[in-house]
Amino acid sequence: MRFTPIREILLGKHENAKVVIRGWVYRKREGKENIFILVRDSTGVIQCTVKAGSSAWADAERLTIESSLSLEGTVKQDKRAVGGYELSVDAISIVGLAELFPISKDKSEEFLRDVRHLWLRSRRMSLIMRVRGKVQKFTDEFFESQGFVEVSPPMFITSACEGGSTLFGLKYFDQNMYLTQSAQLYLEILIYSLEKVYCVAPSFRAEKSRTIRHLTEYWHIEAEQAFADMEDLMRLEEGLLAHICQRATEQCKEEFAELKADMSKLALVKPPFPKITYTEGIERLKAKGFKVMWGEDLGYEHEKALAEEFGKPFFIYDYPKQIKAFYCKTHRDRPDIAMSTDILVPRIGEISTGGAREDDKDTLVARIKEMGLKTDDYEWYLDLRRYGTVPHVGFGMGLERLLTWMLDLENIIDAIPFPRTTRRFYP
RNA sequence: GCCGCCGUAGCUCAGCUAGGUAGAGCGGCUGGCUGUUAACCAGUCGGUCAUAGGUCCAAGUCCUAUCGGCGGCGCCA
């Protein structure tokens with residue numbers, strides 16, 4: 001049996017032809033003369049009409065919202081149907097008669113989160129998931145074009161990447177292990193053979209953050225590049241973002257329109273991005289009346305204020321060493337300044353952090369001790385500096401934060417099908 | 001970790017300020033009507049007011065604790 005995608009019918013390709021479609025009941029309106037069944041499949045929604053007296057009438061009467069079915073009928077152009085085409089039904093075959101569907105007209109955020117496994121069927125969620133899939137594809141396209149190799153980092157790790165306080169611990173047989181919070185250190189291993197590597201993989205953070213931009217499990221776009229400096233890094237990052245935004249404007253028009261997401265902001269994402277130093281950021285904030293001291297990390301309000309000025313993604317770089325991780329390289333002539341850069345976007349703030357990694361073994365050992373960490377935990381990491389060390393850079397970008405910004409989502413949880421937050425991890 | 005808000009019918013909410021018989025809309029069911037557009041009209045079913053304790057003649061309403069949820073800050077991507 002050949003089934004016709006609903007989208008093809010709506011595009012006018014099957015006018016007056018007999019077709020068979022399959023899908024789920026989206027809405028149903030019942031009268032004496034007609035039953036109107038709105039059927040959705042993965043490609044669209046179409047109105048199907050069943051006339052009184054038709055052999056399909058009894059089945060049409062039984063149908064409930066979200067029942068799965070196939071319908072045979074004739075495609076008719078009809079202005080009265082949303083979409084311009086409808087199916088005049090000859091036969092219905094019910095696949096799975098649905099029980100009373102819990103999601104109806106009125107719905108609260110809280111309830112929809114409780115039934116997320118059903119809410120994912122909604123038009124809105126499927127559109128977002130489509131864009132998410134595309135953005136992942138665009139990411140692969142970009143790295144492919146730049147000669148990067150996609151690699152697969154581990155999820156089980158033995159020690160922290162950054163500190164330790166935000167790790168999820170777990171029992172690994174008789175030992176304690178953790179879920180990774182970044183693939184960075186593992187990508188660093190791989191540049192010694194592949195030079196340019198990237199991955200898109202989950203990162204886990206046990207931060208009890210209660211905000212619209214935090215997940216405990218999020219997908220992390222990470223890359224590392226050997227023989228590269230900060231300029232290479234920023235060029236890579238802005239190239240990636242610009243490519244994703246460019247391709248989204250080409251391929252995701254319908255999704256943006258239906259989600260009422262503002263697509264015009266994507267056109268502003270063109271290299272080179274605005275770039276300011278941390279010091280300049282502090283000055284700008286002071287000029288705006290914020291009470292910030294050089295050396296303090298920027299808070300969310302600070303980030304938002306700066307991002308508003310630019311109205312598009314931009315870089316902040318050259319942070320004070322003390323607010324950055326142990327592996328961060330510092331300027332040789334300004335040892336208090338870390339070669340680190342963030343990308344900030346309006347409304348969300350930070351979506352990416354990257355930088356040069358310390359490539360000198362002794363400096364790295366000193367930094368590890370300075371931060372109160374144990375060199376024993378980083379023996380293999382130090383090996384990378386013992387055997388053919390190279391200057392290298394890398395970054396990590398939060399896929400869901402990127403999508404939240406692109407699609408104007410109110411909360412990051414809608415950027416991922418199965419969000420894990422401090423309070424929610426079902427289904 | 002700190003702070004704020006919320007929890008009443010399957011769903012969305014009102015009722016709480018100032019204690020006095022548990023309400024509406026949607027959904028379901030029954031009937032009617034209509035080429036309907038998240039249809040409409042009538043009727044009907046539906047509730048241990050999150051849980052536990054307290055105050056009171058009387059608690060959905062006031063007090064305390066607990067549980068659950070949402071958000072802000074911090075931290076981060």
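Nucleotide B/rU30 is matched to B/rA42 when pairs are restricted to Watson-Crick or G-U wobble geometry with both distances under 3.5 angstrom. Base pairing analysis places B/rU37 opposite nothing; no Watson-Crick or G-U wobble pair with both distances below 3.5 Å involves it. Remark: B/rU61 base-pairs with no nucleotide; criterion is Watson-Crick or G-U wobble with both hydrogen-bond distances under 3.5 Å. Both distances falling under 3.5 Å, in either a Watson-Crick or a G-U wobble arrangement, place B/rC2 opposite B/rG72. Using Watson-Crick or G-U wobble geometry with both donor-acceptor distances under 3.5 Å, B/rG7 finds its partner in B/rC67.
In this structure, A/R213 satisfies the cation-pi test against A/Y300, with its NZ or CZ atom closer than 6.0 Å to the six-membered ring centre and inside 45 degrees of the ring normal.
Note on A/G349: nothing from the nucleic acid sits closer than 4.0 angstrom, heavy atoms only. Note on A/L215: a base of the nucleic acid sits closer than 4.0 angstrom, heavy atoms only. Within the 4.0 angstrom heavy-atom criterion, base atoms lie near A/K51. Within the nucleic acid shown, A/R424 comes within 4.0 Å of sugar-phosphate atoms alone, with no base atom in reach, counting heavy atoms only. A/D114 comes within 4.0 angstrom of nothing in the nucleic acid, heavy atoms only. Using a 4.0 Å heavy-atom cutoff across all strands shown, A/E301 reaches sugar-phosphate atoms only and no base atom. Across all strands shown, A/F101 has no heavy atoms under 4.0 Å from either base or sugar-phosphate atoms. Within 4.0 Å (heavy atoms only), A/E86 reaches at least one base atom of the nucleic acid. Counting non-hydrogen atoms under 4.0 angstrom, A/S203 reaches nothing in the nucleic acid. At the heavy-atom level, A/F111 lies under 4.0 Å from the strands shown only through sugar-phosphate atoms. Among the protein residues, A/S352 comes within range of the sugar-phosphate backbone only, with heavy atoms under 4.0 Å from sugar or phosphate atoms but none that close to a base. Across all strands shown, A/E109 has no heavy atoms under 4.0 Å from either base or sugar-phosphate atoms.
Within 6.0 Å of atom CZ in A/R284, more than 12 heavy atoms from other residues, nucleotides or ligands are found, so the atom counts as buried in its surroundings. Heavy-atom neighbours of A/E144 CD from other residues, nucleotides or ligands within 6.0 Å: at or below the threshold of 12.
In this structure, A/F36 does not count as stacked on the base of B/rG35 under the 5.5 Å centre distance and 30° plane angle limits.
Here the P atom of nucleotide B/rU12 and the CD1 atom of A/I103 are 11 Å apart, to the nearest Å. In this structure, A/I323 atom CD1 and B/rG74 atom P are separated by 13 Å, rounded to whole Å. Taking atom CD1 of A/I413 as the reference point, atom P of B/rG71 lies 7 Å away to the nearest angstrom. Taking atom CZ of A/R423 as the reference point, atom C1' of B/rC70 lies 9 Å away to the nearest angstrom. The distance between atom CD1 of A/I65 and atom P of B/rG28, rounded to the nearest whole Å, is 8 Å.
Side-chain contact annotation: A/T216 with A/E207, donor-acceptor N/O pair under 3.5 Å absent. Judged by distance alone, the side chains of A/T422 and A/R210 do bring a donor and an acceptor atom under 3.5 Å apart. In this model, no donor atom of one side chain and acceptor atom of the other lie less than 3.5 Å apart for A/R401 and A/Y218.
Atom name P, nucleotides B/rG10 and B/rU51: the rounded distance is 13 Å, in whole Å. Comparing B/rG47 with B/rG4, their P atoms sit 37 Å apart, to the nearest whole Å. Rounded to the nearest Å, the gap between the P atom of B/rG27 and that of B/rU12 is 15 Å. B/rC63 and B/rC5 are spaced 12 Å apart, taking the P atom of each and rounding to whole Å. A gap of 10 Å separates the C1' atoms of B/rA18 and B/rU61, to the nearest Å. Here the separation of B/rA9 from B/rU48, taken at their P atoms, is 9 Å to the nearest Å. Taking atom P on both nucleotides, B/rG19 is separated from B/rA58 by 15 Å, rounded to a whole Å.
In this structure, A/K107 does not reach the B/rU12 phosphate: none of its side-chain N or O atoms is under 4.0 Å from OP1 or OP2. Applying the 4.0 Å criterion to OP1 and OP2 of B/rU37, one finds that A/R29 has every side-chain N and O outside that range. OP1 or OP2 of B/rC73 has at least one side-chain nitrogen or oxygen of A/R213 nearer than 4.0 Å. Contact between the side-chain N/O atoms of A/K208 and the OP1/OP2 oxygens of B/rG1 is found at a separation under 4.0 Å. For B/rA77, the OP1/OP2 oxygens have a side-chain nitrogen or oxygen of A/T353 closer than 4.0 Å. Contact check, A/R80 against B/rA39: no side-chain N or O comes under 4.0 Å of OP1 or OP2. Distances shown here put a side-chain N or O of A/N411 below 4.0 Å from the OP1 or OP2 atom of B/rG71.
Evaluation of atom-type donor-acceptor distances gives a pair under 3.5 Å for the side chain of A/R210 against the base of B/rG71. At a cut-off of 3.5 angstrom, the base of B/rU36 holds at least one donor-acceptor pair with the side chain of A/Q47. The base of B/rC76 sits within donor-acceptor range of the side chain of A/R401, with an N or O pair under 3.5 Å.
No donor-acceptor pair closer than 3.5 Å links the side chain of A/S352 to the backbone N or O of A/M397.
With the nearest nucleotide of RNA chain B identified for both A/K28 and A/D342, A/K28 has the one nearer the 5' end.
Atom CG in A/L71 sits 12.5 Å away from atom CZ in A/R22 (nearest 0.5 Å).
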